[in-house]
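Letters go in sequence order (proteins before strands), and every chain restarts at 1. Only this structure's heavy atoms are used, side chains among them; waters, hydrogens and symmetry mates stay out.
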2 protein chains.
Amino acid sequence: MSEFPSTTITAADVMKADCRARTLLALLAEKWALLIIEALSKGPRRTSALKRQIGGISEKMLVQTLRRLEKVGLVERYDFREVPPRVEYSLTERGHSLSPIIVSLDRWVERHAFDILPEA
Amino acid sequence: MSEFPSTTITAADVMKADCRARTLLALLAEKWALLIIEALSKGPRRTSALKRQIGGISEKMLVQTLRRLEKVGLVERYDFREVPPRVEYSLTERGHSLSPIIVSLDRWVERHAFDILPEA
DNA sequence: GCAATTACATACCTGGGAGTAAGTATGTCT
DNA sequence: AGACATACTTACTCCCAGGTATGTAATTGC
C-alpha cells in the first residue's frame, strides 16, 4: 500500500473508479432494474409483455428504468416503426454477461424469502 | 420440486411469496447492504473497521443496515462486553451462502464501471 | 366519425432512504 | 478531574425514487 512511480494511479483515480462502481451499483439496485434484467434474460420482450411478466410495475417506472439500462449499454431497444407502436427490448452482449449473476441472485432470494420473512 | 397433495398453494400464496421476495430484494438493494456483505465476506469485522473499509458510510447508516441484515439472519453480532465497547460482525451461514453471488456481482460492476461510465 | 391499440410523456405528490450533527454510556489513562 | 476511545442513539432535514392519473400520436377497423 505505497509506491507511486512515474505513471501512477492516484488516490483520486481510485476514488473516481470507486465512485463509478457505486453509481453503477446504485443503478442496478433501483427497485425494478434487477427484475427487468431477469425478465429479459429469457429473451427479447415487448414493452407490454415486460409489464405483464413483471407484476406491479407502472408504465412510467418500466420505461424510465429501461432507458437507464439502455444508457449504460445493458439493454437494447428496437423500434419496428409500426402502428400501433411496436417496440422490443433485449439484453446486449454486456447485459448477457451480467444476467447470470442477476438470475442466481434472484433465485437465491426466492429460495430464502420464506425462511427469512415467514410472516406477512 | 412439485407435489401438492391435499394442501395446495393458492394464487394468494404465490403473491405473498413474491411479495416476500421483493421485500428481501429491496433490503439487499439498499444503498449499503451489498457493500457491507461484501466487506464481511472477507471475515469478521469490528464496527469501526467496517466503516473504514467501506468508505463514505455514516455511522448511522452502517448500524442501521447491519441491524436489518441481522434481522433477516444474514449477519451476526457479537458483543465482547468490554470497555471501551467492542463489537464484531460476521456473516451467518445463510450470509455465506449469499456472499459469493454478491462478490461476483461486485466484481462485475468494478470490471465494467469504467467502460460504462467513462465520464465523471 | 369514433373507438381501440400501444408505447410512451408529463404533471403532481408523498414516503422514507439517507446525510449531518450532536449526545450518551462507561471505563482507562495521565 | 478531565480527555479519550468506541459503538451506538436521536433529532432534524432534504431529496428523489416511485406511485397515480391523465394526455398524446398515428393508424386500423367498424
Taking OP1 and OP2 of D/dA5, is either one under 4.0 Å from a side-chain nitrogen or oxygen of B/Ser48? no
Find out whether B/Ile36 and B/Leu40 are in side-chain contact, i.e. whether some heavy atom of one side chain is under 4.5 Å from a heavy atom of the other. yes
Give the rounded distance in Å between these two atoms: NZ of B/Lys51 and P of D/dT6. 11 Å
Apply side chain to side chain contact (heavy atoms under 4.5 Å, CB included) to the pair A/Ile102 and A/Ser41, showing each step before the final yes or no. CA-CA 9 Å; A/Ile102 303 298; A/Ser41 73; over 6 Å; no
Please assess A/Glu76 against A/Leu91 for the test side chain to side chain contact (heavy atoms under 4.5 Å, CB included), listing each intermediate value before the final yes or no. CA-CA 6 Å; A/Glu76 239 167 6; A/Leu91 290 183; over 6 Å; no
In whole angstroms, the gap separating P of D/dC8 from CG of B/Leu66 amounts to 8 Å
Side-chain heavy-atom pair A/Arg22, A/Leu25 within 4.5 angstrom cut-off: no
Show your working on side chain to side chain contact (heavy atoms under 4.5 Å, CB included) between A/Trp32 and A/Ile54 and close with a plain yes or no. CA-CA 9 Å; A/Trp32 302 104; A/Ile54 307 168; 4.0 Å; yes
Just to be sure I understand the rule, does B/Phe80 reach a base, reach only the sugar-phosphate, or reach nothing, if contact means heavy atoms closer than 4.0 Å? nothing
Hey, does A/Arg46 have a side-chain heavy atom less than 4.5 Å from the side chain of A/Arg86? yes
Does B/Arg67 make a side-chain N or O approach to OP1 or OP2 of D/dT9 shorter than 4.0 Å? yes
Treating primed atoms plus P, OP1 and OP2 as sugar-phosphate and everything else as base, which nucleotides of nucleotides 11-19 of chain C get B, S or - for protein heavy atoms under 4.0 Å? B-----SBB
B/Arg46 side-chain N/O to D/dA7 phosphate OP1/OP2 under 4.0 Å: yes
After noting the C-alpha distance and the side-chain angles of B/Arg45 and B/Glu88, does the key distance pass the salt bridge (charged side-chain N to carboxylate O under 4.0 Å, His left out) rule? CA-CA 5 Å; B/Arg45 294 281 189 279; B/Glu88 216 175 59; over 6 Å; no
Between atom CZ in B/Arg45 and atom P in D/dA7, what is the gap in whole Å? 14 Å
Return no unless some side-chain N or O of B/Arg86 is found under 4.0 Å from OP1 or OP2 of D/dA5. no
Please round to 10 degrees the angle between the axis of the first five pairs and the axis of the last five pairs in the helix from C/dG1-D/dC30 to C/dT30-D/dA1. 10°
Does C/dT6 have its OP1 or OP2 closer than 4.0 Å to a side-chain nitrogen or oxygen of A/Thr47? no
Taking the side chain as every heavy atom from C-beta outward, state whether A/Asp115 and B/Arg94 have any pair of such atoms under 4.5 Å apart. yes
What is the distance, rounded to the nearest whole Å, between atom CZ of B/Arg81 and atom P of D/dC8? 12 Å
Quick one, A/Leu105 and B/Leu98 - any side-chain contact, counting heavy atoms below 4.5 Å? yes
Heavy atoms, side chains only, cut-off 4.5 Å: are B/Ser90 and B/Arg77 in contact? no
Mind listing the residues from residues 71-79 of chain A sitting with a heavy atom below 4.0 Å of DNA chain C? Number order is fine. A/Arg77
d(OH, B/Tyr89; C1', D/dA7) in whole Å: 8 Å
Counting distance only, does the side-chain N/O of B/Thr65 pair as donor-acceptor with the main-chain N or O of B/Leu62 below 3.5 Å? no
Can you measure B/Arg22 atom CZ to D/dG18 atom C1' for me and round it to whole angstrom units? 14 Å
Has A/Glu93 got more than 12 heavy atoms of other residues, nucleotides or ligands less than 6.0 Å from its CD? no
Within the structure shown, what part of the strands sits under 4.0 Å from A/Glu59 by heavy-atom distance: base, sugar-phosphate, or nothing? base
